[in-house]
Structure formats: structure tokens, C-alpha cells
Amino acid sequence: KQEVTQIPAALSVPEGENLVLNCSFTDSAIYNLQWFRQDPGKGLTSLLLIQSSQREQTSGRLNASLDKSSGRSTLYIAASQPGDSATYLCAALFMEYGNKLVFGAGTILRVKS
Amino acid sequence: SQTIHQWPATLVQPVGSPLSLECTVEGTSNPNLYWYRQAAGRGLQLLFYSVGIGQISSEVPQNLSASRPQDRQFILSSKKLLLSDSGFYLCAWASSGVKETQYFGPGTRLTVL
């Protein structure tokens with residue numbers, strides 16, 4: 001069964017710190033790996049999408065990497081800000097599942113001012 | 001540009017009552033459509049997905065059903081709600097035939113009492 005796991009489940013850091021969120025997936029046969037942000041009581045916002053042929057993607061202070069062989073992805077947030085506080089979800093589009101994303105349980109991030 | 005709408009935003013229903021949640025997408029045609037449920041403290045669970053009008057795939061046996069009466073309309077229903085149906089329901093769309101990101105609606109918070 002294809003699964004996605006995220007660690008840590010929760011993270012609290014002071015403002016300005018660089019941080020890394022981890023995501024692992026059980027099957028390297030993926031089309032892509034996506035990172036989403038969810039604010040409390042809101043829908044999901046797509047942050048970064050890494051195609052299976054890519055190693056990383058960057059958007060502003062965010063950088064996501066993908067290592068298919070080890071089944072891992074990381075989301076790096078530079079110079080964290082209180083506005084970054086949210087739940088971060090990663091999701092894999094496994095080839096066996098076609099059009100269906102499999103989500104991790106998320107990492108709840110709190111950036112303290 | 002594409003937009004996705006969900007309503008209602010919040011709903012409180014008694015056990016045994018019927019349910020109808022609606023999702024519509026604007027600015028695209030023939031999208032893949034998805035219904036997810038997010039229970040408190042848990043990740044997103046895919047409930048249904050659709051690749052075309054009248055084509056519905058169910059992911060888990062449950063008390064819910066879905067329909068797609070029009071190309072850009074996706075409806076989640078139940079004849080008799082259970083307490084366990086409480087949660088945050090999210091609709092999403094993605095371009096058909098392309099392994100790209102999914103775009104999520106604002107969600108519906110359902111509380112069954």
C-alpha cells in the first residue's frame with residue numbers, strides 16, 4: 001500500500017530560523033510530489049510541485065527537494081516568519097494510483113515572534 | 001482564471017438527516033474532480049473522484065455518495081448522516097490527462113450532532 005509519512009508532526013521555532021520539514025513515501029514510482037499549505041479552517045494552497053524527473057523546486061523562501069531512490073522529500077523554509085505558521089502537507093501522485101494524490105498527515109508549524 | 005466554489009461553508013445537522021454539499025469549478029472544462037474529508041488531527045482522506053460526467057469512483061465504503069450532473073459540478077450526498085460523518089470536506093479539481101497539481105476549494109465544516 002502506498003503511504004506518505006511526515007515528520008515532525010508539530011514544530012515550533014523562533015522567527016528568523018531556517019527549518020526543514022520531512023516527507024517520506026513508500027513507492028518510488030511517482031509522477032510528482034507536491035507540498036501544500038493549510039491555514040486553520042481553510043482549504044489547501046499549492047506551494048511547490050516537483051515532477052519525478054526533477055530534483056528540486058524553489059519559490060521565494062521555499063525550496064523543496066526530491067530523492068526518489070530513498071523515497072524522501074524535504075521542504076526548506078528560509079528565514080521563517082510568523083506568517084508561515086500553518087499546517088504543511090505533502091502528497092505523492094503514485095503511478096499505481098493514476099489520478100489520486102496520497103497525503104501525509106501534515107506538520108503543524110508555529111513560528112514565534 | 002479558474003476558481004472553485006464550495007457551499008455551504010459550515011453546516012450543523014442532526015444524526016439521521018440528509019446531506020448535500022456542492023462544488024463548482026469555473027474557468028476550465030472537463031476537469032478531474034475530487035471529494036476529500038479531513039477529520040480532526042488527521043490527514044486528507046480521498047472519498048470520491050470523477051474524470052467525467054456521470055463517472056464516479058468511490059475510494060472507501062461509507063455512508064456517502066457523489067454525483068456529477070454537469071461537467072463542472074460535483075455533489076456529495078448522504079441519505080442519513082452519522083456522527084462519524086463530521087469533519088471538514090474539501091473539493092478539488094485538476095486538469096484532466098495532466099499530472100499537475102490539484103486546486104482546492106475553501107471547504108465545508110460539517111458537524112453532526
Side-chain angles (χ1 to χ4, degrees), chain A residues 1-10 21 23-26 29-54 57 59 62 64 66 73 86-108, chain B residues 1-11 21 23 25 30-52 55-60 66 74 87-111:
Chain A
K1 179 182 178 183
Q2 281 78 358
E3 294 181 344
V4 176
T5 304
Q6 290 187 247
I7 53 172
L21 307 181
C23 173
S24 61
F25 45 96
T26 54
I30 61 171
Y31 288 114
N32 59 52
L33 191 290
Q34 304 177 37
W35 284 92
F36 294 86
R37 168 182 172 143
Q38 185 178 27
D39 293 294
K42 304 294 185 181
L44 277 65
T45 301
S46 179
L47 296 174
L48 291 165
L49 181 150
I50 312 174
Q51 299 289 359
S52 62
S53 59
Q54 298 174 323
Q57 282 286 332
S59 175
L62 305 180
L66 175 65
S73 176
T87 297
Y88 290 81
L89 296 153
C90 76
L93 190 63
F94 292 104
M95 292 183 178
E96 182 170 339
Y97 282 171
N99 298 308
K100 298 173 287 184
L101 280 172
V102 177
F103 282 84
T107 294
I108 301 172
Chain B
S1 64
Q2 300 88 1
T3 55
I4 179 169
H5 304 278
Q6 284 185 247
W7 62 89
T10 60
L11 191 60
L21 303 182
C23 170
V25 181
N30 195 32
N32 291 339
L33 296 172
Y34 306 84
W35 277 112
Y36 292 89
R37 176 170 59 204
Q38 187 176 35
R42 299 177 64 180
L44 271 70
Q45 179 187 33
L46 179 63
L47 302 176
F48 300 95
Y49 76 96
S50 170
V51 298
Q55 300 178 60
I56 309 293
S57 295
S58 174
E59 289 301 294
V60 293
F74 205 21
F88 191 50
Y89 288 82
L90 289 159
C91 179
W93 75 272
S95 297
S96 62
V98 179
K99 306 304 180 185
E100 297 295 340
T101 193
Q102 293 184 10
Y103 299 93
F104 284 78
T108 294
R109 173 72 60 189
L110 172 65
T111 303

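Since we're looking at a predicted model, the values are computed, not measured. Protein chains get the first letters and strands the later ones, always in sequence-line order, with residue 1 at the start of each.
- Contact record, A:Q38 with B:F88: NE2-CE2, 3.7 Å, taken as the closest heavy-atom pair.
- Closest approach of A:K100 and B:Y49 over heavy atoms only: CD-CE2, 3.2 Å.
- Contact annotation for B:Y103: neither backbone nor side-chain heavy atoms come within less than 4.5 Å of a heavy atom of chain A.
- Considering OH of B:Y34 and CG of A:L101, their distance stands at 7.0 Å, rounded to 0.5 Å.
- For A:L89, the part sitting under 4.5 Å from any heavy atom of chain B is the side chain, from C-beta outward, and nothing else.
- If you measure heavy-atom distances from B:Q45 to chain A, you find no contacts under 4.5 Å at all.
- Proximity to chain A involves both the backbone and the side chain of B:L44, based on heavy atoms less than 4.5 angstrom apart.
- In this structure, A:F103 CZ and B:Q38 CD are separated by 9.0 Å, a value rounded to the nearest 0.5 Å.
- When each of A:L93, A:L49, A:L47 is paired with B:T101, the side chain to side chain contact (heavy atoms under 4.5 Å, CB included) condition holds for A:L49 and for no other.
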